[in-house]
Each structure stands twice: as C-alpha cells, then as structure tokens.
Number of protein chains: 2
Amino acid sequence: MRDLEDFNDTNLQPGLSVDCVLFGFDNNELKILLLKLKSIEKWALPGGFVNVDKDVNAEAHAVLKNRIGLENVFLKQFYLFGNLERNLNTHTPELIKNGIISTKRIAFFKQRFITVGYYALVEYSKVKETTVDFISEACEWHSIHNLPKMIIDHKEIILKAHQTLKKELNTEPIGLNLLPKQFTMPELQALYETVLEKKLDRRNFSRKMLNYNILKDTNKRRMGVKHKAPILYEFDMENYNQAIKNGFNSIW
Amino acid sequence: MRDLEDFNDTNLQPGLSVDCVLFGFDNNELKILLLKLKSIEKWALPGGFVNVDKDVNAEAHAVLKNRIGLENVFLKQFYLFGNLERNLNTHTPELIKNGIISTKRIAFFKQRFITVGYYALVEYSKVKETTVDFISEACEWHSIHNLPKMIIDHKEIILKAHQTLKKELNTEPIGLNLLPKQFTMPELQALYETVLEKKLDRRNFSRKMLNYNILKDTNKRRMGVKHKAPILYEFDMENYNQAIKNGFNSIW
DNA sequence: GCAAAAGTGTTAATGGTACACCCATGG
DNA sequence: CCATGGGTGTACCATTAACACTTTTGC
C-alpha cells in the first residue's frame, strides 16, 4: 500500500480496520508512534484494513511490517472499538475533498468502520521515523502526555491501550520488549514507574526484581555517567518466560 | 429475530457477529448456556449480528435480551476471533440444505465472518431454558467440562472465555454476578475453586475474604442443612465496588 | 572533595500457610 | 450420639514497606 494505485478495496473485509498503538520508551517517557495525514492537520495511529483471505491478527502484523518496517514485534489485541460515534468522523470527507482518497474509493471509506485495537512494544531506537505512504506524510514518536490532534477516537484508543499495559505489566513481557538487550536497574525501574505512573522505592524495587531471578548480571557496567556506574543486566530468557507464564504473583 | 421472516440482512455490518459465553454456577460447576441448532446435531453459543446503526457492545446486550430474555447482565468483550480457519465451517451449508437458512440469505451466511467474543455472568436460577428462534430449537445449560459437539470454533471461544474469567477473578465482579443475593462462605469458596480449578483452604479463604471488607453478615443462616447452619452473607456494594476498582491486590 | 546517583542492609508490620479444635444441625 | 460440615484461633514463615549508610564516578 505504498501508493494510491496499489490500494484496492475489492478484497477487503467490509467495515473492519486494525489500529496499532506502538509503544516506545525514551527519555523516561512512554511514546507512541503516529502518522501525520496528508493535507489535514491531524495525526493517526498506524492502521490498515483486513483482507478477506487473511487472519485479523496477521493483518495487524502486516501493518507494522509494511508501514513501519517492523517484524517479529510483540503485538497484542486488546479491544474492539465498535461504537457508533466513531463514525461521525470528519477527516474522511476532507481527505476526499483534497484528493488524497481517490473518488473510486469513496464508498469504501464512507462505510461504518469498526476497528480492532492492538498494542505493540518496540525498542525505541529501532524505529526510524521515515514511513510515508499514499495517505500519510510523516511518522513520528509523540509523548503519551503530549499528543497532537488526532482523528476520530484514536486518542481514546491510546488511553485504553495504556490502561491495558498497566494491567498487564505483570503478565506480559513488557520490560523485555521496550528496553534494549542490556539495561540497568534504574532504567528498568524508570520504565515501570512510567507505565504505572507512580514512584517506586529504589531499594525495594531492586530487591524484588532480583528475587524474581529473571535478570542476569552481565558483569559489565554502563560507563560514562557522572556517578557510580550502574550494573548492566540482561533478561534470563528461560526464567523470564517461566515467570510470565505464571504471572509474577497471584492472589489465590 | 424470533422467526425466519423477521431476519433481514440488508442493514447488517457485513461479516461481523457477536457471540456470548454465558456463565452460570450450579452444583459446584461452571455451566455455559448453549443453543441447539435446528436440523443438525450441533450446539452454538448465543450470538447475533451487528446492525450498522448500533454499537457492537449494545448488540451483544441485545443478543442476551432478545434470545435469552436477560437484561442488565454483566457482559464484557474479551477477544476478537478473526482467523481464517473459523470460516471453513460445515454447519452453514447443512443449514441451507435443510432449509433453515432461506435461500435469499445464502450470500449473507457464506461471507467470511469475524466474531467478537463476550462473556456474561448470570445467576444460574434466573435463566429459563426456553428460548427458541428461527435457527435454534433448544437452549440449555451445559457443564464446561462436558460440552456437546459445537459449531466452528465455539469450543475454543468458551475455553478462552474461561481463561479470561480466571485472570479477571480479582478485578471483575465475578462473585457478585454468579451468586444469588445471599450466599454462604462455603458457596463463595466453591465458586472460586470452580473458576480457578483448584482447592483452597477453607479457613484461610474465609479470613481473607472477610478482611477485604466486601461482605456483610446478614445475621441470618441457611437453614435445613444437616450440619451447622452457615452464615448468609451479602456483598457490601460500596466496599465491593471500591475493591474491584483497585483490584484486590497489586504487586507494585 | 563534592554532587549525584548507585549499591546494599535492617527492621517492623503485614499477610500467607499450615495446621487443630470446637460447635451446631439432622438423622 | 454421631456424622457432617461450619466457625474460629494460633504459630510460623515470606513478603513488603520504610528507612540510612556507604560507594563510585565526573567535575
């Protein structure tokens, strides 16, 4: 779907789209990758449509691959947005008026759309902000606390994705996917504090994490900081997967 | 949609359905409400289609209201089933052959369908197993451990609903909706043991539950049992809602 | 040597686990 | 009076929360 001519609606599941909330972690902030639409001052989540011959989940992966160039990303369905208000959108008429959506496709774009929300976790530095296609002209990270004007309910989708992330911090491999291979304890803690939006005690955090036995000391330290050099850790994949499978605790 | 003539596909969202996994608790078992399809030996989840003018969530509620006669039920979206294999179904051709699906609707029923899974919690005794409509001839509770032959991926949907129930036992009002207004501690424990599929210590369970402060002693006892009469409790709605909002514990 | 942030230790309170004993009820 | 299951107590252990001191690094 690199340009207008490639886009063909004849084989698509009618009225169904997928949208991906792509989380990255940088500068102690959660960031979301957004696309700037052509000809209007609004941003959108990377999304796409569903071929009638493709799994819905596979199409979400395809969005990340084709639009952002990402493969083998942690990606998880979290909610279907199916209310009616989301179709009172104003951007489609504008895009049609501005010639971004071809007249042949108007009927397709004017359908009532339902969208499946996915959240994805990627290492911030691995994404190059370059993708452009027939409908978007820029691709940039935005802090979750400072989002630009967005189409339809995309802000609400991001909010719900963040809530889901908070809930699933202890049952999904969130640290693993948002951090580089090697990281320090304070970096891991900063990620947790950012996702949870609250401060944690440094000493208790460290002990608890180490007790889970999911971290491997690499015997290296992050150098060049103007204070005591912190230890670099990696995840111990075997123990990590075990811990994720069981959840990190359970009440009953 | 009480009979064939009422069914009109012209205003429906194409290729989208909703299916409800209705949980009840009886005789220390989790039970699921299933519909027996006309003319074939297969059962199905209560489900329906989505009007293009209706919220998807509202349509799930409508299924419960129109097909089962239930209103104000706890109902929650849990997953979108969108793989391709689910459309290699064999029951639609059979239903067409047997005249259950009118020839005018063949094109509609042969589409590729994606379904949104909902789970619902109801007090077992409140459901009368009576509903019949143009496509189903019986409506019965089945133990989750002894399910009959079911169409497409409906067994898989039930499995995933059960997994979700287990996970959400501490963040969703599960006890509240599956039990009658008044219940005993052993009954509540049996529900937990059933959902979680494991035994819990009677004494510790009781203490822990009471410590949550979500139960009110009604000063009554369940009479007519051939042992010490157990105390009847009710949920203290204010504290209960608070506890649900926070989750019953959190790690961080 | 000073500021900044990292590493580590202790203690008290809380909550969980694993037990055993007594009590009320119907038959 | 006995079998059945309900209510409650206690002791031990693990986990958490709150807090302070020492160490390393760049400047």
Side-chain angles (χ1 to χ4, degrees), chain A residues 27-29 169-171 175 179-180 182-194 196-234 239 242-243 246-252, chain B residues 27-28 169-171 175 179-180 182-194 196 198-234 239 242-243 246-252:
Chain A
N27 195 22
N28 286 356
E29 278 192 319
L169 187 59
N170 293 297
T171 53
L179 292 174
Q182 302 195 336
F183 52 88
T184 67
M185 190 63 78
E187 285 162 6
L188 183 59
Q189 182 178 341
L191 172 59
Y192 271 67
E193 291 182 341
T194 301
L196 296 171
E197 299 181 295
K198 69 175 170 190
K199 287 283 164 207
L200 302 170
D201 183 275
R202 192 167 59 84
R203 295 154 286 192
N204 294 334
F205 180 86
S206 169
R207 185 178 5 204
K208 201 164 168 181
M209 270 297 163
L210 291 173
N211 281 343
Y212 285 145
N213 261 318
I214 58 175
L215 300 182
K216 270 195 309 211
D217 189 332
T218 63
N219 295 313
K220 289 189 284 182
R221 285 165 183 263
R222 165 114 42 235
M223 304 310 283
V225 283
K226 60 175 191 291
H227 52 74
K228 188 168 178 178
I231 298 169
L232 282 167
Y233 292 97
E234 286 178 10
N239 293 351
Q242 193 59 45
N246 300 337
F248 282 90
N249 91 348
S250 64
I251 308 186
W252 297 106
Chain B
N27 196 22
N28 287 354
L169 187 57
N170 294 298
T171 52
L179 291 174
Q182 302 194 337
F183 52 88
T184 67
M185 190 63 78
E187 286 162 5
L188 183 59
Q189 183 179 341
L191 172 60
Y192 270 68
E193 291 181 340
T194 302
L196 297 170
K198 69 175 171 189
K199 288 281 164 206
L200 302 171
D201 183 274
R202 188 168 61 84
R203 296 153 286 192
N204 294 334
F205 179 87
S206 169
R207 179 155 15 130
K208 203 166 166 179
M209 269 296 162
L210 292 173
N211 280 344
Y212 285 144
N213 262 318
I214 58 173
L215 299 182
K216 269 196 309 210
D217 190 331
T218 62
N219 295 315
K220 288 190 284 181
R221 286 165 182 263
R222 167 126 24 245
M223 305 310 283
V225 285
K226 60 175 191 290
H227 50 74
K228 185 169 177 178
I231 298 169
L232 282 168
Y233 293 97
E234 287 179 9
N239 292 352
Q242 193 59 44
N246 301 336
F248 283 90
N249 90 346
S250 65
I251 307 185
W252 297 107

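By convention in this document, chain letters (A, B, ...) are assigned in the order of the sequence lines, proteins followed by strands, and residues within each chain are numbered from 1. Computed from a prediction, not measured in an experiment: that's the story for all the values here.
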Tell me: [atom1] of [X] to [atom2] of [N], nearest whole Å?
X        : N      : atom1 : atom2 : value
B/Phe183 : D/dG6  : CZ    : P     : 15 Å
B/Asn211 : D/dG9  : CG    : P     : 12 Å
A/Met209 : D/dT15 : CE    : P     : 15 Å
B/Phe205 : C/dA18 : CZ    : P     : 16 Å
A/Glu187 : C/dG7  : CD    : P     : 10 Å
A/Met185 : C/dT8  : CE    : C1'   : 12 Å
A/Ile231 : C/dA5  : CD1   : C1'   : 13 Å
B/Leu200 : D/dG5  : CG    : P     : 18 Å

(request) Sugar-phosphate means primed atoms, P, OP1 and OP2; the rest is base. With that split, encode nucleotides 19-27 of chain C 5' to 3' as B, S or - using protein heavy atoms under 4.0 Å. (result) BB--BBBS-
(message) Looking at B/Ser206 and B/Arg202, would you say the former's side chain and the latter's main chain have a donor-acceptor pair under 3.5 Å?
(response) no
(message) Checking B/Asp217 now: which residues fulfil salt bridge (charged side-chain N to carboxylate O under 4.0 Å, His left out) with it, not counting sequence neighbours?
(response)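 Partners of B/Asp217 by the salt bridge (charged side-chain N to carboxylate O under 4.0 Å, His left out) criterion come out as none, since no residue qualifies.
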(request) Would you mind telling me which of A/Lys208, A/Arg207, A/Met209 makes a side chain to side chain contact (heavy atoms under 4.5 Å, CB included) with A/Asn211? (result)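 With A/Asn211 as partner, A/Lys208, A/Arg207, A/Met209 yield a single side chain to side chain contact (heavy atoms under 4.5 Å, CB included), made by A/Arg207.
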(request) With sequence neighbours left out, write down each residue that passes side chain to side chain contact (heavy atoms under 4.5 Å, CB included) with A/Thr218, or none if nothing qualifies. (result)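 A/Gln182, A/Lys220, A/Leu232, A/Glu234.
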(message) Applying side chain to side chain contact (heavy atoms under 4.5 Å, CB included), can you list everything that pairs with A/Asn27, at least two apart in sequence or on another chain?
(response)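 Side chain to side chain contact (heavy atoms under 4.5 Å, CB included) check on A/Asn27 returns nothing, list empty.
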Set of residues satisfying side-chain hydrogen bond (donor to acceptor under 3.5 Å, both in side chains) with respect to [X], sequence neighbours excluded:
X        : answer
B/Arg203 : B/Asp201
A/Glu197 : A/His145, A/Lys166
A/Lys199 : A/Glu193

(request) Go through residues 213-220 of chain A and report each residue with a non-hydrogen atom lying under 4.0 Å from DNA chain C, sorted by number. (result)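 Within residues 213-220 of chain A, no residue comes under 4.0 Å of DNA chain C.
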(request) Just grab all the side-chain hydrogen bond (donor to acceptor under 3.5 Å, both in side chains) pairs involving residues 221-232 of chain A, residues at least two apart or on different chains. (result) A/Glu187-A/Arg222
(request) Check whether any side-chain heavy atom of A/Asn239 lies under 4.5 Å from a side-chain heavy atom of A/Tyr212, and answer yes or no. (result)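 No - every pair of side-chain heavy atoms lies 4.5 Å or more apart.
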(message) Just to verify, what does A/Phe183 make a ring pair (Phe, Tyr, Trp, His ring centres under 6.0 Å) with, not counting sequence neighbours?
(response) A/Phe235
(request) Note down the inter-axis angle between the two ends of the helix from C/dG1-D/dC27 to C/dG27-D/dC1, five pairs each, to the nearest 10°. (result) 0°
